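Remember, it's a predicted structure, so these values are computed and weren't measured experimentally. Protein chains get the first letters and strands the later ones, always in sequence-line order, with residue 1 at the start of each.
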Protein chains: 2
Amino acid sequence: MEQLDDIDKKLLRLLQADAKLTTKELAARLGLTLSPVYERIKRLENLGFIKQYVAILDKELLGQPITIFCQVSMRYHDKAFIENFEKEIQKLEEVQECYHMAGQVDFLLKINMGSLDEYHGFVRNKLSKIENIGTLNSTFSLKVIKQSLGYRVG
Amino acid sequence: MEQLDDIDKKLLRLLQADAKLTTKELAARLGLTLSPVYERIKRLENLGFIKQYVAILDKELLGQPITIFCQVSMRYHDKAFIENFEKEIQKLEEVQECYHMAGQVDFLLKINMGSLDEYHGFVRNKLSKIENIGTLNSTFSLKVIKQSLGYRVG
DNA sequence: AGTATAGAAAGAAAAATTTTCGGTATGGAA
DNA sequence: TTCCATACCGAAAATTTTTCTTTCTATACT
């Protein structure tokens, strides 16, 4: 963070909101010309502050309106079991996010589905086949109230 | 979804993995020339399948390594109280995501912080000041096991 | 069968953007 | 002061985006 000045931070905020802004537009908003803006972007990419550029799709239009959070507790906590779970989770394309949690629950999964029925099938046929799962506690979202894709910068 | 053929789906998968792919590169991978690829992208944008393009930043480098999930239960469930909570949450820039949940818990918040200390300050000075909050149940992530930014397409 | 028509793809040219590069100004260190 | 590093500027080159016209193909109609 100390590697960033105010212009870098503003640049990151702009790009994380709209990656299609042209260098020209960015330069205008930052009060610079093309070259320094271009160089700053390349620098932020090389330093790893910018990891990638992606298109955000519409999950409703793609037929996956339901967001499910599934709290997973393992039966045993041997290193081998935990690592196996993490490896198996990577293979499940339905699992969009997986966090290793502190506390009672071991893992939190975020999953998008078209219906609860589909989710039921997923749990039954895929998730619950992973070894050593103790309890599953699923809740689903009725509505996304807020979803900012970016982090606070600055 | 019926509006999409196999080429569209592949195109969406490519763009949600890397939005910087040029039309030329996309055309090569899809076995087409520039024009139809260009037109398909514009169509997918206009139909809303592609919502926006963003830069993904590194939360560790930005000094926010901890991901916290906070389950919020309201004391009362009058429409006015719920709507007020939703409105207040929008104002809190620390809250990256907020879902209205089914079940015991009313809302699930996803929050990124630099430290648990900082989170403590946030809860004390900002979150808990919102009216009508019943209980808060926070857990935090030690490690992100998986984070795919895209949805399944097809 | 022949013909019209719509949709998608191709190709080429124009417009805009990205990328490179040489030059200038500023500030700190020797 | 002089040197050096850093950041910025401006212009040219390379590439990409965007627009437009033409070609192809499948389908439906007479």
Exercise for the section: Ignoring the backbone of Leu32(B), work out which of dA8(C), dA10(C), dC21(C) is nearest its side chain. Expected result: dA10(C)
Under 3.5 Å donor-acceptor, [X] side chain and [Y] backbone:
{"X": "Gln64(B)", "Y": "Arg152(A)", "value": "yes"}
{"X": "Asn132(A)", "Y": "Tyr76(A)", "value": "yes"}
{"X": "Glu25(B)", "Y": "Leu21(B)", "value": "no"}
{"X": "Lys59(B)", "Y": "Asn112(B)", "value": "no"}
{"X": "Glu97(A)", "Y": "Val144(B)", "value": "no"}

Identify all pairs in which a protein N or O lies below 3.5 Å from an N or O of nucleotides 16-18 of chain D, and state each distance.
from, atom 1, to, atom 2, distance (Å)
dT16(D), OP2, Lys24(B), NZ, 3.4
dT17(D), OP2, Thr23(B), N, 3.0
dT17(D), OP2, Thr23(B), OG1, 2.8
dT18(D), O5', Tyr38(B), OH, 3.0

[N] [atom2] sits how many Å from [X] [atom1], rounded?
{"X": "Gln3(B)", "N": "dA8(C)", "atom1": "CD", "atom2": "P", "answer": "12 Å"}
{"X": "Asp6(B)", "N": "dA8(C)", "atom1": "CG", "atom2": "P", "answer": "14 Å"}
{"X": "Leu11(A)", "N": "dA7(D)", "atom1": "CG", "atom2": "C1'", "answer": "14 Å"}
{"X": "Asp5(B)", "N": "dG7(C)", "atom1": "CG", "atom2": "C1'", "answer": "12 Å"}
{"X": "Ile7(B)", "N": "dG7(C)", "atom1": "CD1", "atom2": "P", "answer": "17 Å"}
{"X": "Ile41(A)", "N": "dT20(C)", "atom1": "CD1", "atom2": "P", "answer": "13 Å"}

Exercise for the section: Considering just the side-chain nitrogens and oxygens of Arg43(A), establish if one lies under 4.0 Å of OP1 or OP2 belonging to dA7(D). Expected result: no
Handout entry: Residue pairs involving residues 102-127 of chain A (criterion ring-ring contact (aromatic ring centres under 6.0 Å, His included); sequence neighbours excluded)
Key = Phe85(A)-Phe107(A), His100(A)-Phe107(A)
